[in-house]
Amino acid sequence: MSTLTLATSAGSTLVALVMLASGVPKALGQKSAIDRVVALNYSATAGRTIGCVEALGAIGLIAGFIWPVVGLIAAVGSAMLMAGAAASHLRAGDTIVRALPAVVVGLVAVAVAVLYYVAL
């Protein structure tokens with residue numbers, strides 16, 4: 001396995017795990033997960049939708065192991081989603097510390113997208 005492939009796989013797996021851990025509880029309507037979304041001034045329905053998008057992004061990242069173009073698209077979408085999450089935290093008055101996880105995961109997703117792009 002080349003370094004590029006190893007780095008892409010590791011980054012994709014990391015982002016996918018975070019997206020699943022964040023998205024599945026929202027998609028299932030878990031009260032604590034929905035409460036966090038509502039605190040950011042979104043509706044519960046929007047929270048469930050965001051959770052579904054996160055879970056689908058994770059699936060796309062894993063599918064990228066077989067179909068690199070899907071991984072690239074999922075990585076770009078995940079980076080955009082995390083940028084929106086960070087902006088939502090800041091807009092809602094959260095500290096940068098509360099937005100930092102989304103920023104870090106978003107930057108890893110950008111790196112994964114670049115690695116997929118270079119590999120294509």
Honestly curious: do Val37 and Leu81 fall in one hydrophobic cluster under the side-chain, below-4.5 Å linking rule? no
Single-linkage hydrophobic cluster Val104~Met80, side-chain heavy atoms < 4.5 angstrom: no
At their closest point, which heavy atom of Val112 faces which heavy atom of Gly11, and how far apart are they? CG2-C, 3.4 Å
Distance from Leu115 atom CG to Leu120 atom CG, nearest 0.5 Å? 11.0 Å
Return the minimal non-hydrogen interatomic distance between Ala74 and Gly57, and the atom names on each side. CB-O, 3.7 Å
What closest approach, in Å, do Val15 and Leu61 show between heavy atoms, and which atom pair accounts for it? CG1-CD1, 3.4 Å
CD1 of Ile50 to OG1 of Thr45, rounded to nearest 0.5 Å, is 11.0 Å
Would you name the heavy atoms of Val70 and Gly60 that are closest together and state the gap between them? CG1-O, 3.6 Å
Are Ile34 and Met19 grouped together when hydrophobic residues (ILVMFWY) are joined by side-chain heavy atoms under 4.5 angstrom apart? no
Is there a continuous path of hydrophobic side-chain contacts, each under 4.5 Å between heavy atoms, that joins Val69 to Leu72? yes
Ser43 and Val38: which non-hydrogen atoms are nearest, and at how many Å? C-CG2, 4.3 Å
Any idea which heavy atoms bring Leu20 and Ala58 closest together, and the distance? CG-CB, 3.5 Å
If hydrophobic clusters are built from ILVMFWY residues whose side chains come within less than 4.5 Å, do Ile73 and Ile62 share one? yes
Can you tell me how far OG of Ser22 sits from CG of Leu17, rounded to the nearest 0.5 angstrom? 12.5 Å
Between CG on residue Leu90 and OG1 on residue Thr95, distance to nearest 0.5 Å: 8.5 Å
Let me confirm one number: the OH-OG1 distance from Tyr116 to Thr5, rounded to the nearest 0.5 Å. 9.0 Å
Sub-4.5 Å side-chain heavy-atom contact between Met82 and Val18: no
When you compare the side chain of Leu40 with that of Asp94, does any pair of heavy atoms fall below 4.5 Å? yes
How many angstroms lie between NE2 in His89 and CZ in Arg36, if you round to the nearest 0.5 Å? 9.0 Å
